[in-house]
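Within every chain, numbering begins at 1; the chains are lettered A, B, ... in the order of the sequence lines, protein sequences first and strands thereafter.
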Amino acid sequence: MPITLPFVEHIVHQGRTPLTVITEFTSLLRDDLKDSLSFDQNRLFDVISDRAGDLTYTFNELLDVALIASNSLFVDRSRGRIADILSDTLTAAESRASLANREFAISPWPNTPDVYCDEKLARRSVEYLLRYATTASERRTGVKFAGGFCDHSRRIVLKVTYRGGPLEANALAPLHLQLRSHQRPQEHNSPFKHVALAAAGGLARANLGRVTTSHADGENTLTLTLPAAEPKTVIDAYLDRQAASFEGSQWVALVLVSMDPFEELRPFHALLRYIAGNDDLVLALDADMSLVLVGGERHAGQQFIKKLQIGLNTPHHAEICGMWSLPQQRSEALWQTLDTLSLLDTRAEFAKGKQA
Amino acid sequence: MIGSKILVADDDPAIVYGLELRLRTAGFEPICVCNGLEAIDAACLHRPAAIILDINMPDLDGLSAMKRLQGNPATSQIPVIVFTGSDQERYTALKAGAFGFLHKPYSSASLLAAVSAALVLRPEPVCV
């Protein structure tokens, strides 16, 4: 019997429940005994908490890999400050590195524009990269984390650096969960050695970003990029992902939906989200107007409009205002269309639309 | 806030025990049940200030229990914090009107922060 996503979800649920008890009871005991604990006893509690954290991480990793492989990852993107999003993740990484006798250095955060992402997925991507680096780094050396911004690509750039040998070329290859063979892979060639990188890459893709690796002077750098919360950058990131997803021709349609200004917007957005399955992009730019970018086959745009009309059961006006074949027609035509619609440089409206 | 009744519903007795100890230590008055049906009965009887509800429970799951609580004017204003391990469930619960959510395994800080926020930000109780 093939392993299915519900089975993995069941296993993860069964694992998290006892972990919750272990974590909470340890915490209760520690709080109760805090004044009478010796240094060594405190250290033991640290190790228990750390190992429980390892198990939580493993369950998250298992579930994420299964969700990515089955294309069932749930994504809820919004705008936010990357330094705030990662604050707790970096604090936890610092304490974990200390227990593993590794240095962990965080470069001061520069000012960066807001990022557009699913916060939880962004946190887990960075956690996977940091865990991978901490485990793979040579002893007595450390892990460095730095955040920045690329003004040219308008992407938030997060870098995790550690000393170690170069990674294999396929380290970031997506995992395929076809567990039909009983043959065990050779230890040195195990596809699961880099599972954290594959998981980080999958989550980054869902977040319209990407993970890359590089090696220089005995150091590996794992780089995660995420788009800034600007309409043009987000659309550009979406097109990047769509173009990379298919070997053949891929069509993208820009659909403009005119809204009744008195219509309650919330159910409309919920329906768009449902139809798009969280995999395609929905941009709400204004209270009276929605811009929807639909990726897929040539007629995906028309199919989207039909589903919209059937789902809403109201005479909403929707029209395709542009169609492009990727990657061939990845050109200025898209931006010109957006300019014509006066939808660029509307950051305030973009923010307002997201809040609505 | 101190002394407020907090209803806890989870089918795992050890988790309920942990929550009970933690909430009592923090000065709350926990009321503990082990499924959705008991949660509805206890909410009507005790009118707690907030409810912590597990999603996966026998007899009546957390989401169905929350919908019934929302449908009853006597309990509709009580903020519900759901226990969930899944992003999809979290989203569904929040869309269905949950006040907040806790991931398993939770930290004591996140538990107490969620309960405190629910008590501070909850709407004014409705007299029925």
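The neighbour count for B/R68 CZ, taken as heavy atoms of other residues, nucleotides or ligands under 6.0 Å away, does not exceed 12. Environment of CZ in A/F45: crowded, with over 12 heavy atoms of neighbouring residues, nucleotides or ligands closer than 6.0 Å.
In this structure, A/K120 and B/H103 have side chains that are in contact, with non-hydrogen atoms separated by less than 4.5 Å. In this structure, the side chains of B/R22 and A/L28 come closer than 4.5 Å at one or more pairs of heavy atoms.
Heavy atoms closer than 4.5 Å to chain B are found in the side chain of A/L121, but not in its backbone. Only the side chain of A/T56 comes within less than 4.5 Å of a heavy atom in chain B; its backbone stays farther off. Proximity to chain B is limited to the side chain of A/D31, based on heavy atoms less than 4.5 angstrom apart. With a 4.5 angstrom heavy-atom cutoff, B/N56 touches chain A only via side-chain atoms.
B/P105 and A/R16 get closest at one heavy-atom pair: CD-CG, 4.5 Å. Residues A/H13 and B/K104 come closest through the heavy atom pair CE1-NZ, 4.5 Å.
Per-residue heavy-atom pair counts under 4.5 Å with chain A were compared for B/S107, B/A14, B/S108, and the maximum is reached by B/A14. Comparing A/D118, A/V21, A/L63 by how many heavy-atom pairs each has under 4.5 Å with chain B, the most go to A/V21.
We find the OG-CG distance between A/S27 and B/L21 to be 11.0 Å, quoted to the nearest 0.5 Å. Taken to the nearest 0.5 Å, the OG1 atom of B/T25 stands 7.0 Å off from the CG atom of A/D32. Expressed to the nearest 0.5 Å, how far OH of B/Y106 lies from OG1 of A/T23 amounts to 9.0 Å. Here the OG1-CG distance, from A/T17 to B/D11, works out to 8.0 Å after rounding to the nearest 0.5 Å. Remark: A/F74 CZ to B/T92 OG1 distance equals 6.5 Å, nearest 0.5 Å.
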